[in-house]
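Report on the structure given below.
One-based numbering along the sequence shown.
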Amino acid sequence: EEGEEGEEGGGVCDHPPKECPGGCGGTDADGTTNTNGECLSYDYNGLSISSRKCLTSSIFCSVRCSCSPGHFGSSCLKSSEEFTAAKTQRKNMLETLGKVRLLQDIDTESTRQQASGMRTLLENVEELDKEGREIGIRLLSGVTKGGLRPEVRISEGTGRSLAEAVSSLMEDVTDVTDDSSSDSD
């Protein structure tokens, strides 16, 4: 039976609460304590909810690590320098995928590969600056338009990859800023 842990009436929860990546705000899979941030749960509308209500079985909630000052990334384990380098690298990889896409024939296999690559690169949307997100949106638009051609067959997996890429880009990331204004070197 699905339910909240400690549910009244003796119900048992078969689905535990979702956990943040890297054990943020707790302990990760290898037993290492990560106190660099707090794992927070959000409902479908992006409103904060009790972590006990955000179960692994639900698609209507998500968890995200809110990092303490000086800590960055999806699990708050990166320094400022590492986080900046990750953003630059992720943006560069999206740009490269966009250039490769223009060289490939538009067919079922290339669309599958591009969708999978985008899903992976857009998974940690907090590691994209404003320009990186815009590149991701343009790339997603191009791949999706190509997927509408009659000769391209979109499998369930490819469709899921495209949907996950869209979902990642729609995530409310409050700390996304235009980093070019802060570069003084």
Are the side chain of [X] and the backbone N or O of [Y] linked by a donor-acceptor pair below 3.5 Å?
X	Y	result
Glu126	Ser74	yes
Ser68	Asn36	yes
Asp43	Asn45	yes
Ser168	Glu164	yes
Arg90	Leu121	yes
Ser110	Asp107	yes

Point to revise | Heavy-atom pair with the smallest gap, counting every atom of Ser41 and Val63 | key: OG-CG1, 3.5 Å
Check your understanding: So which heavy atom on Leu122 is nearest to which on Ala165, and how close?
Key -> CD1-CB, 3.8 Å
Taking C-beta and beyond as the side chain, do [X] and [Y] meet within less than 4.5 Å on heavy atoms?
X	Y	result
Cys65	Cys76	yes
Arg112	Ile154	no
Ile49	Cys61	yes
Thr56	Lys18	yes

Check your understanding: Roughly how far, to the nearest 0.5 Å, is the OG atom of Ser62 from the OH atom of Tyr44?
Key -> 11.5 Å
Result block: side-chain N/O donor-acceptor pairs under 3.5 angstrom for residues 93-105, not counting sequence neighbours:
from: Thr96; atom 1: OG1; to: Asn92; atom 2: O; distance (Å): 3.0
from: Gln104; atom 1: OE1; to: Gln114; atom 2: NE2; distance (Å): 2.5

If you group Ile, Leu, Val, Met, Phe, Trp and Tyr by side-chain heavy-atom gaps below 4.5 Å, do [X] and [Y] land in one group?
X	Y	value
Met118	Leu169	yes
Met170	Val125	yes
Leu128	Ile137	yes
Ile135	Val166	yes

Review point. When Glu127 is tested against each of Lys87, Lys91, Lys78, Arg133 for salt bridge (Lys or Arg N to Asp or Glu O under 4.0 Å), which residue passes?
Key: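 Passing option: Lys78.
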Under 3.5 Å, sequence neighbours excluded: what are the donor-acceptor pairs made by side chains of residues 138-145?
from: Thr144; atom 1: OG1; to: Leu140; atom 2: O; distance (Å): 2.7

**Study point:** Short side-chain donor-acceptor distance under 3.5 Å, Thr158 and Ser155
**Key:** yes
Exercise for review: Determine, for cysteines Cys24 and Cys67, whether their SG atoms are under 2.5 angstrom apart.
Suggested key: no
Exercise for review: Count the heavy atoms of every other residue, nucleotide or ligand shown that sit under 6.0 Å from CD of Glu156, and state whether that count exceeds 12.
Suggested key: no
